[in-house]
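Labels below follow one simple rule: chain letters A, B, ... track the order of the sequence lines, proteins then strands, and each chain is numbered from 1.
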There are 2 protein chains.
Amino acid sequence: MKRITIRDVSVKAGVSTAAVSYVLNGREGKVSPETVLKVRRAAEELNYIPDFSARSLVNNKSKLIGVVIPQTEDRKQLLLQNPFYSELICGIEARLRQSGYHMILSGVEKGEGYLDTSMQRNLDGAIITGIYQESFYEDLKKVRMPIVLIDSYIYDSHFHVVGIDDELGGYMATKHFIDNGHTNIALVTGLIRKDGVVEKRFLGYKRALKEAGLFYHPDYVFEHSVTYEYGQEAAHLIAAKHPEITAVFATSDLMAMGVMRGLRDAGKQVPEHVSVIGFDDISVARMSTPPLTTIMQDTIARGITAADRLLTAIGNTDGELPAEPTIMPLTLVDRDTVRKLT
Amino acid sequence: MKRITIRDVSVKAGVSTAAVSYVLNGREGKVSPETVLKVRRAAEELNYIPDFSARSLVNNKSKLIGVVIPQTEDRKQLLLQNPFYSELICGIEARLRQSGYHMILSGVEKGEGYLDTSMQRNLDGAIITGIYQESFYEDLKKVRMPIVLIDSYIYDSHFHVVGIDDELGGYMATKHFIDNGHTNIALVTGLIRKDGVVEKRFLGYKRALKEAGLFYHPDYVFEHSVTYEYGQEAAHLIAAKHPEITAVFATSDLMAMGVMRGLRDAGKQVPEHVSVIGFDDISVARMSTPPLTTIMQDTIARGITAADRLLTAIGNTDGELPAEPTIMPLTLVDRDTVRKLT
DNA sequence: GCCTGTTAGTTAATCGATTAAACCATAATG
DNA sequence: CATTATGGTTTAATCGATTAACTAACAGGC
């Protein structure tokens, strides 16, 4: 089955390829109504489908968006096991498709940059999730396409940011514990990196403590990787060394699930002995036993918004308007893992 | 920042673009060692990155693979909420990247085909998950690229299949119940469609019953959508109308999780009152309470295998060797949701 | 009748690669 | 010495679009 080209259409319609191109791209002001009809019919009958590579070559628009997802440390696999990213992708894909764009989903090799991919594929834009080294972002700035960051707070006119108020989220969770009478509150979290979301949540945690006149115990903070396994491990530590702790704020639902398992391993009931709050409200949060109280963000909506913002940035060829971050709302979903201590 | 082209490299190296192309594509037999060196150096210094669109145009190879994921019924979103697909994608992406390929991840509009995308983007191959209407596959056959199917059993020389022995899986689960003394075994499943994976699991279920001399009760089969919610609903029905049922085989872990919740809602303990077995062993299976007994398949490995098979098919330009399906192994992971009735 | 403007359409250059074919030394062969 | 290989390199066509520049025809305006 040979490819149908614009040439074939032009021959069938009895006009030049230029005319076909004009018609098919909506520059109809330049073409008479009857020609438009002839071309339309010919294209239809031949079932003509344009070649995006050829297009991309001449006008530098590929209709391709790069989406970068963080990877597991050990292997070279995407971190999709955290449903947060899956949901994000659902949103992104839906919005992109709506506008005829496609998504190239990939991870980034450790130490490698993203410049290669972006140039090879002539990407029109990119959505970057996860947190990387400084040099990675420096590289990205050299690229001339719009970029939306999801997980990091780099306020730079080169980058768009679609985020949430992570500090507030951390505050809300901690405050909720305090309001329910808890005073010994642990934090279980991924690595706290500068300008990362986790750092902000950590700051919110501290603010709530301070505001309530509670001490901040550095040894109540359990900081490592954002995994179920680490949550479990942290819970073991808490149960063994800090029996006074009655509440655990995990900065990710995945970790919160692990914490709950770990506590149960150690013979502690949730929420009777220890209360737990998570973050994100991924779909499994409501499936857990007991259903997890968590800070909810509408991740799909966030994906849609990120894609939306990227697309409008791509549309605006008139210079680079520096980007004011978009902040999505948060809600505390009060399920069954927080006990009221009166 | 203007693009560095092969022309720039050729000028800097003082040779023709053809020479540069030969060097950079490894046809070094045609070029003298010193030219190779000059070109290498020039390309390096200019940081030359080839344009895949241009390449694709001339030799019809885009190094792009289409990956299709099913969508939710109502909205237009990908079905990534089922971690099965996320894991598959992890595997696929890892393998593709290793060979310099990229993945275009998308859903398919209801009723639409995939021909457009495949032609527009000049895809080198595709991995199709999910089950679609007959016409969709007919369309796919017209395309000249290799295709790997993941969720359907269409044995046709046009398609490669990387599957599991679903019938056996269904049999294993049911047999496990029977071996533990259960006789009233329900099946909770997605829509049973011809040539789909679910149908095979259903057949395995029936075979195990028959082999054990047990009756097959059509009203023990709860068939609807592959969601947590439906699992929950089915469990309610079971608890209300069929108190004699002591075991539930759910053809997806997601549904199994819902079943467990539903049983608990209805005041039934798992596994004390009712036992449950799932399918897939998605990561949340081990996180559930109690940890779910399930039929394990290594989904990441399956993704890797699918990509691998696709890549070799792409490599083999020597005619279309019809495809013998690849069958991945299954294991029953015996966790804590099956009770022994002695 | 001459000039200008408008409309509809075509021609041909261009994007950035690849590659068959041509070219040209120089070496080997009869 | 004429002829044929051979190895290294360049020339130029090609892939499938887009689009600036051009042409031709015709309508008005003076």
*Asks:* With a sphere of 6.0 Å drawn around CD of A:Gln133, does it hold more than 12 non-hydrogen atoms of other residues, nucleotides or ligands?
*Replies:*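 Check fails, neighbour count at 12 or below.
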*Asks:* Between C:dT19, D:dT10, C:dA8, spot the one nearest the side chain of B:Val15, thanks.
*Replies:*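 The nucleotide sitting nearest to the side chain is D:dT10.
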*Asks:* Going by side chain to side chain donor-acceptor pair (under 3.5 Å), name the residues that satisfy it together with B:Glu87, two or more places apart in sequence or in a different chain.
*Replies:*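 Partners of B:Glu87 under the side chain to side chain donor-acceptor pair (under 3.5 Å) test: none.
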*Asks:* When you check the phosphate oxygens OP1 and OP2 of C:dT19, does a side-chain N or O of B:Ser21 lie under 4.0 Å from one of them?
*Replies:*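 Result: no.
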*Asks:* Who pairs with A:Ser118 by side chain to side chain donor-acceptor pair (under 3.5 Å), at least two apart in sequence or on another chain?
*Replies:*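 By the side chain to side chain donor-acceptor pair (under 3.5 Å) rule, A:Ser118 matches no residue at all.
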*Asks:* What is the distance from NZ of B:Lys61 to C1' of C:dA17, rounded to the nearest Å?
*Replies:*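 For the pair B:Lys61 NZ and C:dA17 C1', the rounded distance is 15 Å.
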*Asks:* Any side-chain N or O of B:Thr35 less than 4.0 Å from the OP1 or OP2 oxygen of D:dT9?
*Replies:*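 Result: yes.
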*Asks:* Specify the separation, in whole Å, of atom CD of B:Glu34 and atom C1' of D:dG7.
*Replies:*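 Atom-to-atom, B:Glu34 to D:dG7, this comes out as 12 Å.
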*Asks:* Any donor-acceptor pair under 3.5 Å linking the side-chain atoms of B:Arg95 with those of B:Ser99?
*Replies:*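 Side-chain D/A pair, B:Ser99 to B:Arg95: present.
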*Asks:* Any protein N or O atoms within reach of nucleotides 14-16 of chain C? Criterion: under 3.5 Å, listing atom names and distances.
*Replies:*
| from | atom 1 | to | atom 2 | distance (Å) |
| --- | --- | --- | --- | --- |
| C:dG16 | N2 | B:Ala54 | O | 3.2 |

*Asks:* Measure from the side-chain N and O atoms of A:Thr17 to the backbone N and O of A:Ser10, and report whether any donor-acceptor pair falls under 3.5 Å.
*Replies:*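 Side chain of A:Thr17 to backbone of A:Ser10, a donor-acceptor pair under 3.5 Å: no, none is there.
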*Asks:* Once side chain to side chain donor-acceptor pair (under 3.5 Å) is applied, do any residues pair with A:Ser62, and if so which ones, sequence neighbours excluded?
*Replies:*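 By the side chain to side chain donor-acceptor pair (under 3.5 Å) rule, A:Ser62 matches A:Asp124.
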*Asks:* Hey, does A:Ser56 reach any base, or is it just sugar-phosphate, or nothing, if we go heavy atoms under 4.0 Å?
*Replies:*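 The answer is nothing, as A:Ser56 stays clear of every strand by at least 4.0 Å.
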*Asks:* So how far is it from A:Thr326 OG1 to A:Ile164 CD1, rounded to the nearest 0.5 Å?
*Replies:*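 Those atoms lie 13.0 Å apart.
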*Asks:* Please identify each residue that fulfils ring pair (Phe, Tyr, Trp, His ring centres under 6.0 Å) with A:Tyr132, with sequence neighbours left out.
*Replies:*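 Result, ring pair (Phe, Tyr, Trp, His ring centres under 6.0 Å) vs A:Tyr132: A:Phe136.
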*Asks:* Please write out each protein N/O paired with an N/O of nucleotides 20-26 of chain D under 3.5 Å, distance rounded to 0.1 Å.
*Replies:*
| from | atom 1 | to | atom 2 | distance (Å) |
| --- | --- | --- | --- | --- |
| D:dA20 | N6 | A:Tyr22 | OH | 3.4 |

